[in-house]
There are 2 protein chains.
Amino acid sequence: MPSTTKHRSRSGHVQAARLPRVLREAQNRFVSIWGGMGGSWGIPRTMAEIHALLYIVNEPLNTDQIMARLSISRGSASTSLKALHDWGLVSRAHKRGDRKEYFRAEQDVWQIFRIITRERKRREIDPILMALHECRDATGSRAGAAMRHKPGIEAHNDRLDQMIEFIEMIDSLAEQFVSPAGKGLRLAVGLLGKAV
Amino acid sequence: MPSTTKHRSRSGHVQAARLPRVLREAQNRFVSIWGGMGGSWGIPRTMAEIHALLYIVNEPLNTDQIMARLSISRGSASTSLKALHDWGLVSRAHKRGDRKEYFRAEQDVWQIFRIITRERKRREIDPILMALHECRDATGSRAGAAMRHKPGIEAHNDRLDQMIEFIEMIDSLAEQFVSPAGKGLRLAVGLLGKAV
DNA sequence: CGGCACTTTCAGTATTTTCTGAAACAACTG
DNA sequence: CAGTTGTTTCAGAAAATACTGAAAGTGCCG
């Protein structure tokens, strides 16, 4: 074990070294957990880890600091940060007398999940709904009414319709959660809490 | 329902061949869509496709029929079917005078999504919540009250707590949707519909 | 038993996804 | 401007994930 907490050089990777060991370890742990979660949520592990790091330290970090702390390449860091910024999960910041770009994470958990929900809806639900509608049209457009009498078509259409209807409902729920006011889910929680 | 026009010849893949072409194509399309969705939902494509096929044809199929229709290997079919059965999305069925096992898909969309939600919650939310609690304990157990005064620890704990609290809320929402009665989501939808 | 008929398992392979590293690019600074 | 510092891109490498096919397993039936 090192003699004491490391005191860093005047230059680069610094403040982290001054953190109490437990804190630093807890941060690392959180980063791993969140990274793992990203995996199962369709968010690349590294991207999730960067977000986790910025969230948990709640202090703007620059690319080099992030690279060092997570042991990742510059390319990876850059790509992930861009994506996080596009999503709106991190914002850029600057420090006087420093040309580097610093990144800071959104701190409101509601907002974080609203953003994630929005992106997932956009990438996962919307295209599927569109595809399902097209699929449905193939066997049921008014135009092709004739075909509806072929055996099995009707039942097929019913199944498709049930599915579509359900997903549309989920979709509109998500929509409300995502919506600017963001009242939707809060409300649902309150009501459900009482109702059950 | 006396389902149909189906000529059973002694060898395998039969009934499908008599389907109207549009229907068969619509089924294939649905299978692809659903398979794609599986991908983004963390469900292996093949597993999702098998489920889609069984759902949309709504008629028990055996392993060989599934293999033929989806062009997949026996191993893959077997593994996916086992998983689907474990989840409760498909059930086994038998036909008189046929030693093969037939599989049939759950047809109630609510139930389908309840099952998927349950599994995802089990695989994704629960472990993360547990891990987060452990992580939190590292910097906040009563035992280690002393450490709470080190710089930054308190703020760190606050952030962790916010996150945990939020996820627990989501978790309990999911719980209610999953619960046997399954009233939860239906209710939420109704209330939200009025409220917004 | 012994031969089928069918199902499951698993090591190896293929495919998809993500990361690296270096070069191109962009933007300040003196 | 020319040098420096910092950021982005992208082809290839690596890792993660899913699939195949054949062999092993299971259980029925005569």
Side-chain angles (χ1 to χ4, degrees), chain A residues 11-13 31-32 34-53 60-87 90-104 123-124, chain B residues 10-13 31-32 34-53 60-87 90-103 123-124:
Chain A
S11 48
H13 6 126
V31 166
S32 296
W34 205 246
M37 201 194 72
S40 54
W41 280 61
I43 296 164
R45 162 175 274 280
T46 301
M47 180 169 156
E49 287 194 343
I50 293 176
H51 175 251
L53 177 62
L61 299 181
N62 64 40
T63 305
D64 291 283
Q65 292 171 319
I66 293 169
M67 286 166 57
R69 182 87 187 251
L70 302 179
S71 307
I72 58 174
S73 70
R74 187 169 299 282
S76 191
S78 170
T79 304
S80 297
L81 282 166
K82 180 169 191 319
L84 286 167
H85 187 253
D86 289 348
W87 281 32
V90 311
S91 51
R92 297 174 198 273
H94 293 276
K95 295 196 174 180
R96 298 221 163 282
D98 189 342
R99 281 169 56 189
K100 280 190 168 61
E101 238 170 353
Y102 285 74
F103 300 90
R104 136 197 324 283
R123 292 191 313 170
E124 295 169 17
Chain B
R10 43 276 158 74
S11 68
H13 13 124
V31 166
S32 296
W34 206 244
M37 200 194 72
S40 54
W41 279 61
I43 295 164
R45 161 174 276 278
T46 301
M47 180 169 155
E49 287 194 343
I50 293 176
H51 175 251
L53 177 62
L61 299 181
N62 64 41
T63 305
D64 291 282
Q65 292 171 319
I66 294 169
M67 285 166 58
R69 182 86 187 251
L70 302 179
S71 307
I72 58 175
S73 70
R74 187 169 298 282
S76 191
S78 171
T79 305
S80 297
L81 282 166
K82 181 171 191 319
L84 286 168
H85 187 253
D86 288 347
W87 282 31
V90 313
S91 51
R92 299 174 197 273
H94 291 277
K95 297 197 174 182
R96 298 220 163 282
D98 189 341
R99 280 169 59 187
K100 279 191 169 63
E101 239 171 352
Y102 285 74
F103 299 90
R123 291 192 313 172
E124 294 169 18

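Labels below follow one simple rule: chain letters A, B, ... track the order of the sequence lines, proteins then strands, and each chain is numbered from 1.
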Kindly point out which of [options] is positioned nearest to the side chain of [X]?
X     : options               : answer
A/T79 : C/dT7, D/dC10, D/dA18 : D/dC10
A/R99 : D/dT8, C/dT7, D/dG6   : D/dG6
B/S73 : D/dG21, C/dC6, C/dC19 : D/dG21
A/T63 : D/dG6, C/dT8, D/dT7   : D/dT7
B/I72 : D/dG6, D/dT20, D/dT8  : D/dT20
A/T46 : C/dT8, C/dT18, D/dG6  : C/dT18

Measure the distance from [atom1] on [X] to [atom2] on [N] and round it to the nearest whole Å.
X      : N      : atom1 : atom2 : result
B/R92  : C/dC6  : CZ    : C1'   : 12 Å
A/R74  : D/dC10 : CZ    : C1'   : 16 Å
A/K82  : D/dT7  : NZ    : C1'   : 12 Å
B/E101 : C/dT8  : CD    : P     : 6 Å
B/D98  : D/dG27 : CG    : C1'   : 16 Å
B/K95  : C/dC6  : NZ    : C1'   : 16 Å
A/I50  : D/dT7  : CD1   : C1'   : 14 Å
B/D86  : C/dT7  : CG    : P     : 16 Å

Hey, are the side chains of [X] and [Y] touching, using non-hydrogen atoms and a 4.5 Å cut-off?
X     : Y      : result
B/R92 : B/L81  : no
A/T63 : A/K100 : no
A/W41 : B/E124 : yes

Main-chain N/O of A/G75 paired with A/T79 side-chain donor or acceptor, under 3.5 Å: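 Confirmed, A/T79 side chain pairs with A/G75 backbone.
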If we ignore hydrogens and angles and just use 3.5 Å, is the side chain of B/S80 paired with the main-chain N or O of B/S76 as donor and acceptor?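 At least one qualifying donor-acceptor pair exists.
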Just call it for B/R45: base, sugar-phosphate, or nothing, with non-hydrogen atoms closer than 4.0 Å on any strand.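 B/R45: no heavy atom of the nucleic acid under 4.0 Å.
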Is B/S76 near enough to D/dT20 that one of its side-chain N or O atoms lies under 4.0 angstrom from OP1 or OP2?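 For B/S76, the contact criterion (side-chain N or O under 4.0 Å from OP1 or OP2 of D/dT20) is met.
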